[in-house]
Amino acid sequence: MNGPMPDTPKPWPRLIAFVDMDAFFASIEQRDHPEYRSRPIGITNGLTGTCLITCSYEARAYGIGIGTRLKKARTLCPEIIRVPAHPERYAEVSTDIMVALQNITPDVEVFSVDEAFLDLTRCQGYWNRSPEVMGQMIKELVHAVSGLGCTVGISGDKTTAKYVAKRKKPNGLAIIPPWEARARLKDVPVTELCGINRGIASFLAQRGALTCGEVARLPISVLGKRFGNPGRRIWQMCRGEDSAPVETRIAAPKSLGHGKIMPPDTTERDVIRMYLVHMAEKLGARMRQHALVAQRYLVGLRTRDGWIGSHHFRTRLATNDSRAIIELCKQMLCDYWQGEGVFQVQVSALDPRPAKGQQELFTEETDPPGRLNRVMDAINDHYGEFTLMRASLLHRSDMPNVIAPAWKPYGHRQTIVPTVERKKARGETSLMRAPTWPDCTSKH
């Protein structure tokens with residue numbers, strides 16, 4: 001081998017990379033549909049959604065952004081193309097990317113469907129590459145797997161890596177060595193760091209701390225006394241010394257829930273019932289999938305004046321049977337809804353735990369719910385969600401499932417399942433069985 005060997009890069013004490021996909025949903029649509037490429041597109045939640053979930057960079061050039069109403073977007077850019085979201089496709093592509101990133105390092109934290117942290121500290125010696133080269137390796141890997149672009153930020157902690165990545169989008173690569181982080185963050189407004197909400201920012205502003213440098217000069221006890229350990233972490237973040245680890249394990253669920261937006265000011269009882277049944281069925285199926293049960297549930301309806309009925313309801317025994325959850329929805333609707341206009345429903349299990357332990361000894365049930373649930377779950381798992389359903393759900397909302405911020409490609413946070421549409425080629429079956437609801441109209 002001719003010439004001197006290249007110098008081995010000096011390892012960093014801690015090397016964290018943040019991967020941020022560029023206009024992820026829109027980029028997938030443009031990749032899958034050549035006619036959308038280099039054109040302004042806006043993604044809505046189905047064909048009935050009126051707000052943009054995201055949009056392409058071509059649309060952003062017109063001042064359009066996440067949350068822009070479709071009507072306003074068309075005013076700003078008459079050429080914008082409305083595209084209904086395809087959540088299963090986005091989750092599928094994200095899963096491929098997240099799995100591939102483990103070829104770089106096993107220490108990968110899926111932060112959201114289009115973001116991930118990589119702890120490269122332990123594999124610096126293995127790759128024997130500079131942070132710049134490793135960042136380029138990540139970008140090339142993501143493109144090879146998905147055909148999409150991403151931005152990579154690299155630093156010595158999670159917060160700084162994410163901050164620098166956001167400033168280099170799209171298709172960027174930015175690096176702040178850990179020994180430069182505090183100086184580079186000194187004049188940055190504290191609100192630009194991930195996790196600093198308005199309440200925390202207001203607390204800091206009252207103490208004259210608007211920038212990271214000003215927060216870093218405060219005694220750590222000021223934030224610790226007010227916010228506890230999260231406050232101490234904020235102080236570290238502002239110094240470029242965030243000690244939070246890259247989390248590779250998914251913690252046991254503290255709660256599980258499903259909610260859905262409804263047409264504004266819905267007052268039709270049957271429509272509200274249908275939405276509640278829909279969410280109860282989704283929650284029950286998800287709990288059964290992960291062998292979880294719960295006894296305390298929250299059922300709520302959101303109105304212009306806030307949430308109503310969002311009380312804690314209890315089943316007699318811990319369960320994951322959708323019918324038992326639907327009974328709680330009946331109770332809430334009859335006891336708390338007084339005819340107000342509703343625009344959102346929520347059904348959550350508040351104390352999920354493994355489905356094991358003492359079962360009820362004496363029962364007279366001739367149709368154990370577990371038997372029917374197993375049949376329904378097996379069919380829906382094979383042919384698609386709600387292939388087999390209650391008759392009351394035949395006219396349920398056609399808005400697709402939403403990818404939650406806490407989505408993960410596996411485990412109980414994998415909330416996006418194949419829809420019937422993805423399984424139509426294999427046929428579709430519906431079981432006509434409707435729930436019975438109490439006649440409580442007279443109470444209202």
Side-chain angles (χ1 to χ4, degrees), residues 14-25 53-54 60 65-67 94 97-98 101 107-121 131 135 138 142 150-170 172-178 180-205 209-216 218 220 223-224 226-251 403-408 413:
R14 195 162 180 241
L15 179 59
I16 307 296
F18 179 71
V19 181
D20 190 355
M21 301 303 299
D22 298 328
F24 187 49
F25 299 171
I53 299 172
T54 187
R60 297 181 191 191
I66 298 173
S94 176
I97 293 170
M98 301 305 174
L101 289 174
D107 301 323
V108 177
E109 175 183 342
V110 180
F111 193 66
S112 70
V113 71
D114 62 345
E115 299 173 315
F117 287 104
L118 282 66
D119 191 337
L120 305 169
T121 309
I138 293 170
V142 169
C150 70
T151 297
V152 176
I154 295 179
S155 191
D157 68 283
K158 293 169 68 174
T159 298
T160 308
K162 183 169 185 179
Y163 162 76
V164 70
K166 295 294 184 183
R167 292 181 60 84
K168 284 292 184 178
K169 290 179 68 69
L173 172 59
I175 298 174
I176 296 181
E180 296 180 8
R182 184 172 179 181
R184 296 276 291 274
L185 294 176
K186 179 171 65 72
D187 298 322
V188 173
V190 68
T191 51
E192 291 194 20
L193 299 187
C194 177
I196 308 295
N197 59 33
R198 291 182 180 179
I200 295 173
S202 176
F203 173 85
L204 295 172
L210 301 177
T211 66
C212 292
E214 291 168 342
V215 174
L218 291 175
I220 190 174
L223 284 84
R226 174 63 179 83
F227 300 107
N229 286 334
R232 297 182 185 93
R233 185 191 171 195
I234 291 170
W235 186 82
Q236 293 177 333
M237 289 162 52
C238 293
R239 295 167 59 92
E241 301 170 352
D242 182 10
S243 60
V246 169
E247 297 287 354
T248 59
R249 297 182 180 181
I250 300 177
I403 300 180
W407 177 90
K408 297 287 187 289
R413 295 193 182 278

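Throughout, numbering of the chain's residues begins at 1 and tracks the sequence.
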Once side chain to side chain donor-acceptor pair (under 3.5 Å) is applied, do any residues pair with R60, and if so which ones, sequence neighbours excluded? T54
Sequence neighbours excluded, which residues qualify as salt bridge (charged side-chain N to carboxylate O under 4.0 Å, His left out) partners of R184? E180
Considering all heavy atoms, the nearest G135-L173 contact: CA-CD1, 3.9 Å
So CD1 of I234 and CD1 of I220: to nearest 0.5 Å the spacing works out to 10.5 Å
Gap separating the CG atom of D119 from the CG atom of L15, nearest 0.5 angstrom: 7.5 Å
Checking R413 now: which residues fulfil salt bridge (charged side-chain N to carboxylate O under 4.0 Å, His left out) with it, not counting sequence neighbours? none
For a 4.5 angstrom cut-off between non-hydrogen side-chain atoms, does D114 reach F25? no
Give the C-alpha distance, both sets of side-chain angles, the deciding distance and a yes or no for side-chain contact (heavy atoms from CB on, under 4.5 Å) between V142 and L101. CA-CA 8 Å; V142 169; L101 289 174; 4.1 Å; yes
For side-chain contact (heavy atoms from CB on, under 4.5 Å), just list the numbers for Y163 and S155, CA-CA rounded to whole Å, side-chain angles, deciding distance to a tenth of an Å, and then say yes or no. CA-CA 10 Å; Y163 162 76; S155 191; over 6 Å; no
Do T211 side-chain atoms and D187 backbone N/O form a donor-acceptor pair below 3.5 Å? no
Sequence neighbours excluded, the answer for side chain to side chain contact (heavy atoms under 4.5 Å, CB included) partners of F203 is R207, V222, R226, F227
I'd like to know whether L204 forms a side-chain contact (heavy atoms from CB on, under 4.5 Å) with L218, so could you lay out the CA-CA distance, the side-chain angles of the two residues, the decisive distance to 0.1 Å, and finally the verdict. CA-CA 9 Å; L204 295 172; L218 291 175; 4.2 Å; yes
Output all residues satisfying side chain to side chain contact (heavy atoms under 4.5 Å, CB included) with P170, sequence neighbours left out; order by chain, then residue number. D22, Y57
Which pairs pass side chain to side chain donor-acceptor pair (under 3.5 Å) with one or both residues in residues 188-200, sequence neighbours excluded? none
For W235 and L223 the tightest heavy-atom approach is N-CD2, 4.1 Å
For residues 236-249, tabulate all N or O donor-acceptor pairs below 3.5 Å that involve a side-chain atom, not counting sequence neighbours.
residue : atom : partner : partner atom : Å
Q236    : OE1  : S243    : OG           : 2.8
R239    : NE   : E241    : OE1          : 3.3
D242    : OD1  : R233    : NE           : 2.8
D242    : OD1  : A244    : N            : 3.0
D242    : OD2  : T159    : OG1          : 2.7
D242    : OD2  : R233    : NE           : 3.4
D242    : OD2  : R233    : NH2          : 2.7

So how far is it from I154 CD1 to L118 CG, rounded to the nearest 0.5 Å? 9.0 Å
Could you work out, with side chain to side chain contact (heavy atoms under 4.5 Å, CB included) as the rule, every residue matching K186, not counting sequence neighbours? none
What pair of heavy atoms forms the shortest contact from A116 to V108, and how long is it? CB-CG1, 4.4 Å
Which heavy-atom pair separates A17 from L120 by the least distance, and what is that distance? CB-CD1, 3.9 Å
List in chain and number order the residues that pass salt bridge (charged side-chain N to carboxylate O under 4.0 Å, His left out) with R232, two or more places apart in sequence or in another chain; answer none if no residue qualifies. none
For F117, ring pair (Phe, Tyr, Trp, His ring centres under 6.0 Å) partners two or more places apart: F18, F111
How long is the gap from CG on D157 to CG on L185, to the nearest 0.5 Å? 8.0 Å
Minimum heavy-atom separation for V19 and C150, please, with both atom names. CG1-SG, 4.1 Å
A174 meets the side chain to side chain contact (heavy atoms under 4.5 Å, CB included) criterion, sequence neighbours left out, with V164, K168
Please list, chain by chain and in numerical order, all residues satisfying salt bridge (charged side-chain N to carboxylate O under 4.0 Å, His left out) with K166, sequence neighbours excluded. D20, E115
